[in-house]
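Below is one structure, written out as structure tokens; the observations come after it.
Every chain is numbered from 1 and lettered A, B, ... according to where its sequence line falls, protein lines coming before strand lines.
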Amino acid sequence: MSERDGRKPGKRQAVEVQELDRVTIRFAGDSGDGMQLAGLQFTNTSAVYGNDVATVPDFPAEIRAPAGSIPGVSSFQVSFSSHDIHTPGDQPDVLVAMNPAALKAHLGDLPKGGLLIVNTDEFTESNLRKALYTENPLEGDSLDGYRVVEVPVGTMNTRALSESGLNTMQIDRSKNSFALGLMFWLYERPLDSTIRWFEEKFARNPEVRDANIATMKAGYNFGDTAELFPQRFHVAKADLPPGRYRNITGNSATALGFLAASKLANLPLFYGSYPITPASDILHELSRFKNFGVKTFQAEDEIAAIGSAIGASFGGFLGLTGTSGPGLALKSEALGLAVMVELPLVVAMIQRSGPSTGMPTKTDQADLLQVLFGRNGESPVAVVAPATPSECFHYAIEAFRLALRHMTPTVFLSDGYLGTGSEPWRVPEADELPRIEVKFARDPEGFNPYDRDPETLARPWAAPGTPGLEHRIGGLEKAHITGDVSYDGDNHDRMTRFRAEKVARIANDVPDVEVIGDESGDLLVLGWGSTYGANLSAVQRVQAEGLAVSCAQLRYLNPFPSNLGEVISNFEQVLIPELNLGQLAMLVRSRYVVDAASLNKVTGRPFLIAEIEEKIHELVGSKVKV
Amino acid sequence: MSERDGRKPGKRQAVEVQELDRVTIRFAGDSGDGMQLAGLQFTNTSAVYGNDVATVPDFPAEIRAPAGSIPGVSSFQVSFSSHDIHTPGDQPDVLVAMNPAALKAHLGDLPKGGLLIVNTDEFTESNLRKALYTENPLEGDSLDGYRVVEVPVGTMNTRALSESGLNTMQIDRSKNSFALGLMFWLYERPLDSTIRWFEEKFARNPEVRDANIATMKAGYNFGDTAELFPQRFHVAKADLPPGRYRNITGNSATALGFLAASKLANLPLFYGSYPITPASDILHELSRFKNFGVKTFQAEDEIAAIGSAIGASFGGFLGLTGTSGPGLALKSEALGLAVMVELPLVVAMIQRSGPSTGMPTKTDQADLLQVLFGRNGESPVAVVAPATPSECFHYAIEAFRLALRHMTPTVFLSDGYLGTGSEPWRVPEADELPRIEVKFARDPEGFNPYDRDPETLARPWAAPGTPGLEHRIGGLEKAHITGDVSYDGDNHDRMTRFRAEKVARIANDVPDVEVIGDESGDLLVLGWGSTYGANLSAVQRVQAEGLAVSCAQLRYLNPFPSNLGEVISNFEQVLIPELNLGQLAMLVRSRYVVDAASLNKVTGRPFLIAEIEEKIHELVGSKVKV
Amino acid sequence: MTTEAAPEGPLALQRKDFVTDQEVRWCPGCGDYSILAQTQKLMPDLGVPRENIVFISGIGCNSRLPYYMKTYGFHSIHGRAPTIATGLRVMNPELKVFVITGDGDGLSIGGNHLLHVMRRNVDLTIVLFNNRIYGLTKGQYSPTSEFGKRTKSSPAGAVDTPLHPLSVAISAEASFVARSLDIDQKHLIGTLERAARHKGTSFVEVYQNCNVFNDGAFMEFADKAVRSDRTVRLDHGQPLLFGKELEKGIRLNGTTPEIVDVGNGANESELWVHDESREDPALSFILSRMHWPDFPEPMGVIRAVERPVYEDLVQGQVDEAIERQGEGDLDALFQEGDTWTVE
Amino acid sequence: MTTEAAPEGPLALQRKDFVTDQEVRWCPGCGDYSILAQTQKLMPDLGVPRENIVFISGIGCNSRLPYYMKTYGFHSIHGRAPTIATGLRVMNPELKVFVITGDGDGLSIGGNHLLHVMRRNVDLTIVLFNNRIYGLTKGQYSPTSEFGKRTKSSPAGAVDTPLHPLSVAISAEASFVARSLDIDQKHLIGTLERAARHKGTSFVEVYQNCNVFNDGAFMEFADKAVRSDRTVRLDHGQPLLFGKELEKGIRLNGTTPEIVDVGNGANESELWVHDESREDPALSFILSRMHWPDFPEPMGVIRAVERPVYEDLVQGQVDEAIERQGEGDLDALFQEGDTWTVE
Ligand SMILES: Cc1ncc(C[n+]2csc(CCOP(=O)(O)OP(=O)(O)O)c2C)c(N)n1
Ligand SMILES: Cc1ncc(C[n+]2csc(CCOP(=O)(O)OP(=O)(O)O)c2C)c(N)n1
Ligand code: SF4
Ligand code: SF4
Ligand SMILES: [Mg+2]
Ligand SMILES: [Mg+2]
């Protein structure tokens with residue numbers, strides 16, 4: 001039984017086991033080496049084991065680079081811990097490099113003293129050349145200061161599978177499972193969940209299934225027998241709030257959230273989209289769940305995608321479209337139409353690095369202003385922004401709740417780092433989730449399409465098919481109440497202010513922004529979106545140093561929570577770290593006339609905790625060395 | 001000879017002549033009544049006569065409304081003066097109403113005591129119905145308090161042309177010339193320039209020519225003979241700076257400016273556009289001047305329009321595209337490409353009322369933020385904004401000067417009010433105009449497509465066809481210097497800041513913003529674009545009252561002139577009047593952390609001087625009654 | 001807009017029940033009036049409850065039409081009506097959806113959406129008002145304007161070769177393609193009815209006179225006096241005959257149409273017998289290339305074939321999924337994959 | 001990018017002069033490699049100075065090609081390459097401009113631009129890499145994917161009817177339409193050369209294998225073993241013959257192609273003789289509808305007719321205006337209309 005022979009309890013005592021409270025491993029190899037799979041399996045195992053985990057993948061650019069080349073390197077970083085963590089870690093403690101290119105690309109991130117596991121078999125002349133190495137790093141002194149462990153992964157793997165009946169290419173494909181087994185041994189992880197996974201995944205392909213299981217065990221045993229490692233490590237369970245958990249990426253959580261919204265509002269979901277990295281996952285995910293009644297439409301372009309979603313909203317259904325920056329640019333005009341016709345359209349916007357095509361597989365937060373202002377005329381939309389992968393679930397639902405209650409287009413603003421990153425998610429009970437109440441106009445008596453709700457200013461939603469409510473809407477300015485076309489100047493002024501006020505009033509319908517730390521102090525670190533983990537971790541560190549620093553992460557970007565002004569006013573200074581050149585900062589400075597400081601980074605990568613920590617010290621001085 | 005018999009010097013003494021220093025006349029009638037023509041001729045005559053003039057037309061919505069209906073009313077307001085004026089006037093002194101609908105639509109703007117000239121012939125049962133009059137206003141007391149003059153324009157016109165040989169419909173078409181003649185008499189204007197105009201315009205149609213001239217004279221004489229008017233009025237010449245003048249609309253001035261830029265840079269102009277109100281005029285104008293080498297391309301949509309213009313810029317030519325708000329929304333993605341490839345594309349953006357289709361024939365200033373931020377990623381463009389119709393000429397040239405020198409997409413931001421409004425323009429001497437120097441890369445030695453000019457950070461412009469400079473550009477992030485595709489994070493950060501800094505440095509290349517009035521005081525009225533006339537007039541009034549108020553109009557919106565911060569700092573308060581909900585205000589508040597006040601109006605109409613004056617008094621109190 | 005009481009049922013409806021209180025805002029004499037009139041007349045005959053009828057348009061003079069139809073309506077943005085209609089139909093197949101577009105709206109800015117909606121065969125009735133001009137923007141040439149046409153934007157003549165709307169539709173795999181004429185009231189309403197009853201995308205090009213910016217664009221063959229000689233009515237199963245006494249016919253020489261005099265000599269059996277239901281689109285394509293003055297302009301239903309309707313296929317996949325996996329259950333969904341419990 | 005010294009003149013150039021220092025980033029085994037190779041080989045033969053050659057692409061795997069061509073290049077945005085190429089050619093007719101696109105780039109998001117650039121007949125050589133999949137975004141179905149295709153975005157099978165790229169081109173009035181195959185090197189370079197030498201828009205569909213996301217899409221007829229039986233080469237003025245011994249031919253029964261055995265019985269004279277230069281597009285259209293397995297796939301130049309080139313017409317109007325009014329003079333321009341002088 002896997003459990004037992006995996007664990008080999010007999011030999012356990014042979015090497016001493018060191019307790020650690022957090023470890024960060026980066027698996028790096030060629031795109032073909034299955035690093036994402038190895039990383040994910042290690043993540044699941046650790047999560048199931050009870051650690052808190054956080055991960056971040058790093059894919060090569062969309063185009064496949066030649067095998068063995070640096071652009072072809074794919075990596076997956078997982079951080080697992082005995083306490084709760086908020087980021088996948090600034091730097092890895094362990095780097096698994098499956099080929100020279102992977103070593104070249106990632107060694108820079110490994111701190112001296114870090115553990116470096118290299119697959120020696122790939123360090124051939126030609127591979128070294130592909131990685132632009134002039135000499136073999138395993139021979140020179142370039143690796144001095146690292147704890148280098150050389151493993152002939154290829155050879156060992158081939159040996160383990162000589163009997164498998166697979167051809168060499170197939171055998172080679174399971175290298176990653178050998179490496180994975182080795183890491184499982186090193187960190188005392190059980191093999192069973194991965195074995196189960198292989199059994200499901202390759203159910204229809206027993207040879208491959210058995211080969212992967214066999215080589216993984218071989219890797220595990222190799223660690224046990226070969227005296228490569230002086231010690232093993234153990235990271236104890238974290239005490240997470242009780243409940244059922246699963247590991248989830250932001251994009252999956254987003255798709256689940258939208259499906260949930262459909263159930264909670266009891267309205268079928270329509271998803272119109274045109275593929276684009278990193279939003280495509282949502283299209284792929286939703287198209288798998290047709291039994292939820294969701295209809296996915298791969299449109300000819302982004303304009304058709306949002307147009308079709310507007311059609312669905314007009315029809316009285318959950319109209320949803322999703323894209324990334326370049327796609328949103330194309331949707332601008334139609335989103336303006338949705339604002340004018342005041343329909344509950346939701347736009348899932350997964351940011352990537354721009355401008356233009358930019359770096360499609362990397363992340364920035366530089367589309368906030370486009371989301372707010374990228375349309376002609378005064379064209380307000382509501383904006384919600386999850387701060388962690390698992391939060392994407394809640395805010396996907398929230399986006400529809402606000403859109404439906406306030407009859408306004410609403411943007412769900414995520415990014416590639418959230419979308420592809422993962423963390424444990426406490427699985428909710430479906431009936432824990434609050435229903436979304438939807439009011440359709442049904443009574444012809446006194447019906448008018450632009451007769452607003454006095455509280456929310458929302459206009460009535462009258463779906464085609466409802467007898468007696470026949471009416472016409474469109475992109476021309478509408479007369480107050482009747483919705484007739486109007487060129488009256490005062491009406492235009494009034495309607496423009498209504499549209500703005502309608503969105504502004506959503507502030508009464510969203511929770512206050514929460515301050516982590518004291519309600520007042522020297523510095524407030526104010527953030528939005530995926531910077532949450534780094535902001536929080538940095539602030540926790542400086543709080544531990546005794547600095548009067550708190551942080552707050554905005555999940556509602558338009559309108560701002562109503563207490564934001566007051567929150568800000570209680571701090572001497574405000575720091576706004578953003579993966580752009582200061583977009584939220586501009587909004588906050590102008591809204592509250594406060595000289596908020598910015599920390600900007602536009603590298604396509606998330607903030608390191610240390611970067612924020614350093615900026616905090618720069619602003620409020622420090623009682624401790626940095 | 002027209003001059004003489006027009007003036008009828010013999011009878012002049014018959015009615016007393018009152019001197020006025022400014023008169024504002026509004027011609028209003030059915031779309032078919034030729035009010036635009038009448039207004040324009042009156043304008044030209046007054047301008048040629050030597051007055052300062054300002055005009056604003058008001059067309060019906062793009063769709064032709066039924067004859068006689070209120071939506072079908074077309075009007076033209078001209079203000080002429082013996083001193084220099086900055087707006088077409090808040091309210092007319094005289095309203096010429098050619099039919100009931102025109103009266104219904106415009107009477108509200110005529111102050112009590114105003115002169116009201118009505119064409120009684122059109123006040124028929126059916127016309128009154130079309131104008132939604134339940135009773136004939138000429139009979140009731142609804143016109144009490146106005147100086148009503150009833151003229152059977154139709155009858156008189158028909159009588160005048162009974163011999164003309166034209167059919168009744170043709171005859172009816174020249175009604176407006178009769179009315180025009182009457183107004184010429186009332187304000188002692190010479191007929192000759194209009195006669196000349198008819199002679200050219202209808203050269204190939206002598207009957208129509210003669211008819212219009214005849215009925216205009218008849219109108220003139222009618223004023224002379226019929227004792228309808230107790231007096232005539234005279235508005236003396238204004239003393240404008242010496243020079244040759246012509247009356248020009250903003251859109252014509254814009255087209256001329258771009259043609260001039262082409263000559264000054266000695267590079268052929270390409271204009272790629274898709275028709276849209278109010279930008280279409282520019283396409284129409286430019287396509288008339290093929291002998292300047294300009295090539296106009298009516299694209300299949302706005303995306304193709306900007307794409308083609310980018311192609312022209314890439315090719316080493318003056319690439320220009322033009323549109324209005326909805327069109328700019330569609331161009332967003334491609335404009336981002338232009339930012340990434342750093343080409344000297346110019347976008348002529350003529351704002352209209354939004355959001356969405358909005359009110360196509362009306363004006364707002366609500367696209368400033370779209371222009372600045374309506375693209376994915378950090379995507380800076382330079383923005384210039386003329387403040388008067390005639391300034392459009394200069395800033396069209398300026399847009400290309402900046403685009404070419406700094407190798408950046410540049411937006412020329414105008415609006416429908418500027419574009420269709422007119423004023424006298426002091427015609428420049430072509431060789432007064434400064435040449436635009438263009439540097440092309442030619443030397444393969446050490447050429448690199450992203451090797452920046454140390455001063456401006458502009459990249460070299462290497463046109464296809466240049467031997468040895470073959471290179472590839474595109475929308476993916478570029479490596480510093482080489483321009484190769486790069487996914488390097490630090491390079492992306494560097495390039496993002498380069499693009500921002502490149503545009504920011506344009507501030508060194510533009511004039512300081514000028515303060516009209518004292519350099520310091522209680523209040524600065526800060527504006528941009530077409531609010532200039534109203535801002536200036538209002539400030540001049542309150543200055544006359546002795547208030548410490550100055551004004552400044554921004555012609556450069558990105559970057560701001562470098563002295564703006566200091567200018568602002570010298571005033572107790574700042575007021576920013578905008579035809580939007582506070583877009584420039586947001587930028588200024590955030591940039592200078594100043595609590596600038598806003599005056600917002602979104603009616604599709606320009607500010608009245610009185611509105612701004614009132615707001616000024618509200619902010620700084622007043623020594624005088626409002 | 002005033003609210004309207006529910007109708008007593010479709011059969012009770014008459015044209016006036018489909019007229020809104022909105023003042024019609026087209027130029028006097030515009031061909032759009034006649035198309036509107038036939039469209040309103042058609043409604044009661046369709047037997048569709050008024051609340052289930054939706055008119056969706058883009059931007060252009062033509063696209064004002066929904067305001068004048070007392071049904072649900074959406075005057076959207078330029079060129080995008082087919083996309084909105086697609087989303088609406090996919091979610092609610094109960095609705096009878098019309099798309100109103102123009103030669104600029106549908107073939108210039110909106111050409112791509114037209115292409116894709118037709119290949120998908122979404123059940124929409126698309127009426128393209130072809131006046132060979134941009135009317136609303138006051139007279140620029142359009143993708144159907146003649147080569148060399150002088151307009152505001154082409155003072156020296158347009159240098160663009162025009163598109164044949166019907167050819168485009170056919171090569172976009174359209175299952176129903178027809179043409180009619182604004183002023184030919186009976187033919188127009190008949191053609192619209194055929195289109196409206198077709199399952200799948202029906203595309204109708206209507207020659208429409210813009211008497212302000214392109215007056216008489218079609219008069220050469222559309223004028224009542226010459227119409228029978230210069231247009232040919234297409235009737236399924238009937239030979240292509242035209243002329244006042246149907247004295248002329250068309251036969252195919254290989255793939256080339258030829259005009260022949262019927263009666264004297266030329267025998268009927270040689271004539272091209274129209275088959276609108278033929279799968280192979282070659283003949284439809286040939287018809288789409290026939291134009292006055294070389295040939296009489298074909299009028300009527302050029303192509304009408306059966307193809308699965310897009311939204312039915314989409315619904316089918318949903319039904320099948322439910323069949324196979326049962327109605328989606330959130331709890332099951334949430335627990336997909338590896339889960340673990342923390343006590 | 002390193003700078004390159006000016007060539008000694010086109011004739012001196014060889015393939016290597018068109019190879020950049022950029023590492024080619026396509027999956028090993030991708031059909032794009034072969035298309036790139038033939039394209040590079042073709043360049044010297046064109047006799048165009050390297051600095052006058054420009055490659056403009058959209059987005060997609062295919063659209064990386066310009067990075068590998070040591071000419072001027074522009075890797076633009078998704079679907080818009082034809083628009084950029086149009087502006088460039090209109091302003092500089094000296095340049096030889098290629099447009100590289102894909103089935104998604106050119107027919108999905110970019111379909112409308114393709115339509116309009118072809119009807120205008122801008123002098124561009126458009127090469128559409130048709131791999132019937134979205135490669136760059138890792139495997140969603142495209143407008144040319146077969147009905148029912150299962151992909152990441154269509155797990156239950158695509159319900160969209162695919163477009164026939166060549167039919168679309170023909171109905172867009174294209175003056176040159178051809179098809180070739182990535183792995184058929186001689187045919188490919190020959191076809192590309194024909195296209196490159198055509199005056200006006202030339203449109204070439206290249207069947208391209210995406211061995212990662214849609215492997216073997218064309219193997220059924222493209223495989224060397226069966227190719228001669230399952231494809232038919234089109235040669236102007238030659239009968240449509242195919243098969244290893246050219247033992248089979250195609251004849252037209254009215255508008256319907258039929259396969260006949262040549263030799264025994266069926267006489268050559270019945271066979272369809274290919275006429276690429278025929279104005280009337282009916283036959284081109286019929287060819288564009290022929291597909292395996294019903295017919296052999298037509299390969300080669302389907303249509304090649306002469307039409308005025310858009311940018312020449314534009315230039316003509318400029319020349320004529322200068323002829324008529326003389327070179328534009330700013331002072332005259334400024335003084336147009338009423339002017340007056342203030343002393
Ligand atoms: C995005 C956008 N671009 C341009 C316009 C301006 N516009 C409105 S209608 C139209 C063309 C109308 O032509 P057509 O579709 O033939 O309709 P018609 O008026 O002739 O019926 C244009 C260019 C617009 N409203 N929106
Ligand atoms: C505006 C925009 N939308 C979507 C994308 C994402 N995208 C890039 S390439 C592509 C389709 C590629 O398919 P194809 O044109 O067939 O090229 P291939 O990769 O198959 O060669 C898509 C959807 C994008 N880059 N830009
Ligand atoms: S402009 Fe032409 S199409 Fe438009 S309403 Fe007037 S006549 Fe009709
Ligand atoms: S994904 Fe397909 S098309 Fe793209 S490079 Fe790889 S094999 Fe070629
Ligand atoms: Mg039209
Ligand atoms: Mg493809």
I'd like to know if the side chain of [X] and the backbone of [Y] have a donor-acceptor N/O pair within less than 3.5 Å.
X: D/Asn214; Y: D/Asn131; value: yes
X: D/Ser57; Y: D/Ser63; value: yes
X: C/Asn121; Y: C/Thr201; value: yes
X: C/Asp123; Y: C/Gly200; value: yes
X: C/Thr101; Y: C/Gly106; value: yes
X: C/Arg80; Y: C/Gly110; value: no

### Message
Using heavy-atom distances under 4.5 Å, tell me whether D/Ile109 contacts chain C through its side chain, its backbone, both, or neither.
### Response
backbone
### Message
Between D/Leu107 and chain C, with a heavy-atom cut-off of 4.5 Å, which part of the residue counts as in contact: side chain, backbone, both or neither?
### Response
backbone
### Task
Using a strict 4.0 Å threshold on nitrogen-to-oxygen distance, state whether C/Arg303 and C/Glu276 make a salt bridge.
no
### Query
When rounded to the nearest 0.5 angstrom, what distance separates CE in C/Met118 from CD1 in C/Ile170?
9.5 Å
Please flag which part of [X] lies under 4.5 Å from any non-hydrogen atom of chain D: side chain, backbone, both or neither.
X: C/Arg324; value: neither
X: C/His164; value: both
X: C/Arg119; value: both
X: C/Leu166; value: neither
X: C/Asp160; value: both
X: C/Pro162; value: backbone

### Most chain C-contacting option - heavy-atom pairs closer than 4.5 Å, from D/Gly254, D/Ala172, D/Pro143
D/Pro143
### Message
Using a 4.5 angstrom heavy-atom cutoff, name the option from D/Asn112, D/Leu313, D/Asp280, D/Leu283 with the most pairs to chain C.
### Response
D/Asn112
### Query
Pick from C/Ala169, C/Gly157, C/Pro308: which one has the most heavy-atom pairs with chain D under 4.5 Å?
C/Gly157
Quiz question: by atom type and distance under 3.5 Å, do the side chains of [X] and [Y] form a donor-acceptor pair?
X: D/Thr83; Y: D/Thr86; answer: no
X: C/Ser167; Y: C/Ser288; answer: yes
X: C/Arg150; Y: C/Ser145; answer: no

### Query
Counting a contact as any heavy-atom pair under 4.5 Å apart, which residues of residues 314-321 of chain D contact chain C?
D/Val314, D/Gln317
